[in-house]
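First comes the structure, then the notes that go with it.
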Amino acid sequence: MKNVTALALLTSLFALPAMAAQDAPFQHEAGLKYSANSEEFGDGTWNANYRYYVAPVSQDNGPYALNGFLAQTTNIGANYSMFDAADTDTFGIDGTYVFDNNWFVGGEYQRFEVGDFSGNLYKLDAGYYFNDSSKVAAFYVDGSDNFESVYGLEVRSFLALESTSGIDLGAMWTHTDNDDIFNVNADWYVTKAWSVGAGYEDDGFDDNFALKTAYWLRMSDSFSATFELSKVLDSDADGFGAGIGIVGRF
């Protein structure tokens with residue numbers, strides 16, 4: 001019930017009058033998001049996050065959802081998520097340092113609590129921005145004694161288009177003790193605010209294909225609402241995924 005009540009309060013913020021947005025630069029970004037399956041929408045996950053960029057980030061550079069990625073600048077962030085249905089809380093901090101020669105290194109720490117059990121995860125990554133909208137990176141993840149370490153490679157590139165905003169492409173390979181996991185993703189940004197996309201994952205035991213769409217509703221330079229819908233095809237899971245959030249930039 002408290003999830004439904006809080007979600008109603010979050011939704012009511014979208015009724016605030018919209019003001020003209022001028023795409024002013026920002027260095028601080030804070031967000032609050034609620035995600036759930038449509039079959040059990042009251043049993044979803046809350047996520048709060050904050051990120052600081054050492055240099056101003058342009059909101060005029062590509063789609064709004066990708067401004068941080070396209071900025072290619074040093075940043076640090078923190079996040080907290082809560083999933084009451086599974087009695088799970090997760091706290092995390094992360095940061096990325098970008099060198100003048102376009103190489104970067106990053107680190108992340110996550111602490112999770114599931115009922116009476118708790119653990120830690122650590123991630124290190126390093127990579128290179130090979131143009132103004134693309135990167136390649138290697139990563140390593142380890143954690144508590146009962147967590148098996150994994151490592152992998154990822155590549156991401158945003159291709160700007162003339163008639164629409166562009167296409168965000170990504171691929172990732174992850175090696176585990178059990179098998180290799182492959183992920184590919186493509187999001188077509190019809191405008192700076194609206195995208196439609198597809199994703200595919202193969203973990204060696206099963207594979208999933210998903211369709212998704214997202215919209216970034218600009219209320220002002222400092223305030224936006226976000227909406228997401230997704231559906232996993234050829235899956236035993238019923239319903240579809242949905243997310244609604246608010247983002248503040250200043």
Mark yes or no for whether Asn75, through its side chain, and Thr73, through its backbone, hold a donor-acceptor pair below 3.5 Å. yes
Output the distance between atom CG (Leu159) and atom OH (Tyr189), rounded to the nearest 0.5 Å. 13.0 Å
Say whether, by atom type as modelled, one donor and one acceptor occur between the side chain of Asp187 and the main chain of Ser195 under 3.5 angstrom. no
Would you say the side-chain atoms of Glu154 pair up with the backbone N or O of Val136, donor to acceptor, closer than 3.5 Å? no
In Å, rounded to the nearest 0.5 Å, how long is the span from OG of Ser81 to CG of Asp89? 7.5 Å
Heavy-atom nearest pair, Gln72 first then Asn131, reads NE2-O, 3.0 Å
Between Lys192 and Gln59, is there a donor-acceptor pair closer than 3.5 Å when you use the side chain of the first and the backbone of the second? yes
Taking ring pair (Phe, Tyr, Trp, His ring centres under 6.0 Å) as the criterion, tell me which of Tyr50, Phe112, Phe91 meets it with Tyr80. Phe91
Can you see which heavy atom on Ala138 is nearest to which on Leu153, and at what distance? CB-CD2, 3.6 Å
Please report the shortest heavy-atom distance between Tyr52 and His28, naming the atom on each side. CD1-CE1, 3.4 Å
Could you tell me if the ring centre of Tyr34 sits under 6.0 Å from that of Phe41? yes
Taking the side chain as C-beta and beyond, is there a heavy-atom pair between Asp23 and Arg218 under 4.5 Å? yes
Please test Thr174 against Phe139 for side-chain contact (heavy atoms from CB on, under 4.5 Å), starting from the C-alpha separation and ending with a verdict. CA-CA 9 Å; Thr174 304; Phe139 61 88; 3.5 Å; yes
Sorted by chain and residue number, the side chain to side chain donor-acceptor pair (under 3.5 Å) partners of Tyr109 (sequence neighbours excluded) come out as Asn120
Could you tell me whether the side chain of Ser149 reaches within less than 4.5 Å of the side chain of Tyr122, counting heavy atoms only? no
Looking only at atom types and distance, does a side-chain atom of Asp94 sit under 3.5 Å from a main-chain N or O of Gly106, one as donor and one as acceptor? no
For the pair Tyr128 and Trp103, name the ring-plane relationship: parallel under 30°, tilted 30 to 60°, perpendicular over 60°. tilted
Check the orientation of Phe99 and Tyr97. Use parallel for under 30°, tilted for 30 to 60°, and perpendicular for over 60°. perpendicular
Between Thr191 (side chain only) and Trp194 (backbone N and O only), is there a donor and an acceptor less than 3.5 Å apart? yes
For Ala171 against Val184, the heavy-atom pair lying closest together: CB-CG1, 4.1 Å
Spacing of CG belonging to Asn208 relative to CG belonging to Asn183, to within rounding of 0.5 Å: 10.0 Å
Using a 3.5 Å distance criterion without hydrogens, assess whether the side chain of Glu108 forms a donor-acceptor pair with backbone atoms of Leu121. no
Does any non-hydrogen side-chain atom of Asp203 lie less than 4.5 Å from one of Asp179? no
Are Phe240 and Tyr215 linked, directly or through other ILVMFWY residues, by side chains that come within less than 4.5 angstrom of each other? no
Can you check whether Tyr140 and Tyr151 have ring centres sitting under 6.0 Å from each other? no
Straight-line distance of Ser157 OG to Tyr129 OH, nearest 0.5 Å: 12.5 Å
Heavy-atom distance under 4.5 Å between the side chains of Val141 and Gln110, does that happen here? no
Distance from Leu66 atom CG to Trp216 atom CH2, nearest 0.5 Å? 9.0 Å
Do you know the tightest heavy-atom contact between Leu70 and Gly62? CD1-CA, 3.9 Å
Would you indicate whether Glu40, at its atom CD, is surrounded by more than 12 heavy atoms from other residues, nucleotides or ligands within a distance under 6.0 Å? no
Verify same cluster id: Ile244, Met219 (apolar side-chain graph, 4.5 Å): yes
Is it true that Leu169 and Phe69 fall in one hydrophobic cluster, defined by side-chain heavy atoms closer than 4.5 Å? no
Give me the ring orientation class for Phe26 and Tyr53: parallel if the planes are under 30° apart, tilted from 30 to 60°, perpendicular past 60°. perpendicular
Any chain of hydrophobic side-chain contacts (each under 4.5 Å) joining Trp188 to Leu229? no
How far does CZ of Phe250 sit from OG of Ser220, to the nearest 0.5 angstrom? 12.0 Å
Identify the two heavy atoms, one from Glu113 and one from Ser118, that lie closest to each other, and give their separation to 0.1 Å. CG-CB, 3.9 Å
Without swapping roles, check the side chain of Glu39 against the backbone of Asp238 for a donor-acceptor pair under 3.5 Å. no
Indicate yes or no: at least one non-hydrogen side-chain atom of Glu29 is less than 4.5 angstrom from one of Asn67. no
Checking side-chain polar atoms at under 3.5 Å, does Asn49 have a donor or acceptor matched by the opposite partner on Asn47? yes
Do any N or O atoms from the side chain of Thr74 and from the backbone of Val98 form a donor-acceptor pair under 3.5 angstrom? yes
Determine the sole option in Thr176, Asn178, Asp142 for which the side chain to side chain contact (heavy atoms under 4.5 Å, CB included) test with Val150 is passed. Thr176
Linking I/L/V/M/F/W/Y whenever any side-chain heavy atoms sit under 4.5 Å apart, do Leu124 and Phe104 land together? no
